[in-house]
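Chain letters run A, B, ... following the sequence lines, proteins first and then strands; every chain starts at 1.
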Amino acid sequence: GQNIDQPTEMTATEGAIVQINCTYQTSGFNGLFWYQQHAGEAPTFLSYNVLDGLEEKGRFSSFLSRSKGYSYLLLKELQMKDSASYLCAVKGYSTLTFGKGTMLLVSP
Amino acid sequence: DSGVTQTPKHLITATGQRVTLRCSPRSGDLSVYWYQQSLDQGLQFLIQYYNGEERAKGNILERFSAQQFPDLHSELNLSSLELGDSALYFCASSASGTLDGTQYFGPGTRLTVL
């Protein structure tokens, strides 16, 4: 089975940098996704990591270490609109397991 | 707008009843995924169909079933409904059949079981 841990809540200030961690224990690993979900809306895809290392996409970057069962999502130059829930999801052999999500609150 | 449509937007029903949720994927996408999101369980992957065939299965209850039709739209059938089935049900689609591809989520159907 899969077990995924993320912090429940985080707060940060507009313009700052925040790192959201995700640790996982899995019987099979084939990739890790990050999704953003605003309250009452559908999740939107942010990133997908299969190999170790950092993937950068504009203000957002995602890192993966398969040996440590660890990933993080880095958000730079935070904006108020980044206030949302961030979901980490692990792809197994034939299924997808989501963490409970990290609620990020960005304040002025 | 992701291009994925779901109907209805809201559904209120009673325990023991059966409902059908409908999803139309983005044009050209062959995979459809169903998810359930509740406050206590978070987002749970239920099932994936690819070009009409079941491809992957998650935590889907036996009371729930899905299918994908030749025109690629999909339906999720929920029967013998219980209070705990109240949740937001999302459908997503992707071009890939292997869970690797970017998934585009529909707006969801909010199911309330009274």
Q) Do other residues, nucleotides or ligands put more than 12 heavy atoms under 6.0 Å from the CD atom of Glu77(A)? A) no

Q) Does atom CG of Leu114(B) have more than 12 heavy-atom neighbours, drawn from other residues, nucleotides or ligands, at distances under 6.0 Å? A) yes

Q) At what distance, to the nearest 0.5 angstrom, does CD of Gln6(A) lie from OG1 of Thr23(A)? A) 9.0 Å

Q) Do Gln68(B) side-chain atoms and Asn51(B) backbone N/O form a donor-acceptor pair below 3.5 Å? A) yes

Side chain from CB out, backbone as N, CA, C, O: work out which of these in [X] comes under 4.5 Å of a heavy atom of chain A, or both, or neither.
X	result
Asn59(B)	neither
Gln44(B)	neither
Tyr35(B)	side chain

Q: Under 4.5 Å, counting heavy-atom pairs only, tell me which of Ala56(B), Gly58(B), Gly42(B), Ser2(B) racks up the most with chain A.
A: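 Option with the top pair count is Ala56(B).
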
**Q.** Contacting moiety of Leu87(A), where chain B heavy atoms sit under 4.5 Å
**A.** side chain

Q) Could you walk me through whether Phe90(B) and Gln103(B) pass the side chain to side chain contact (heavy atoms under 4.5 Å, CB included) check? A) CA-CA 11 Å; Phe90(B) 287 109; Gln103(B) 293 182 32; over 6 Å; no

(Q) With chain B as the partner, which of Ala89(A), Pro43(A), Gly101(A), Gly31(A) has the greatest number of non-hydrogen pairs under 4.5 Å? (A) Pro43(A)

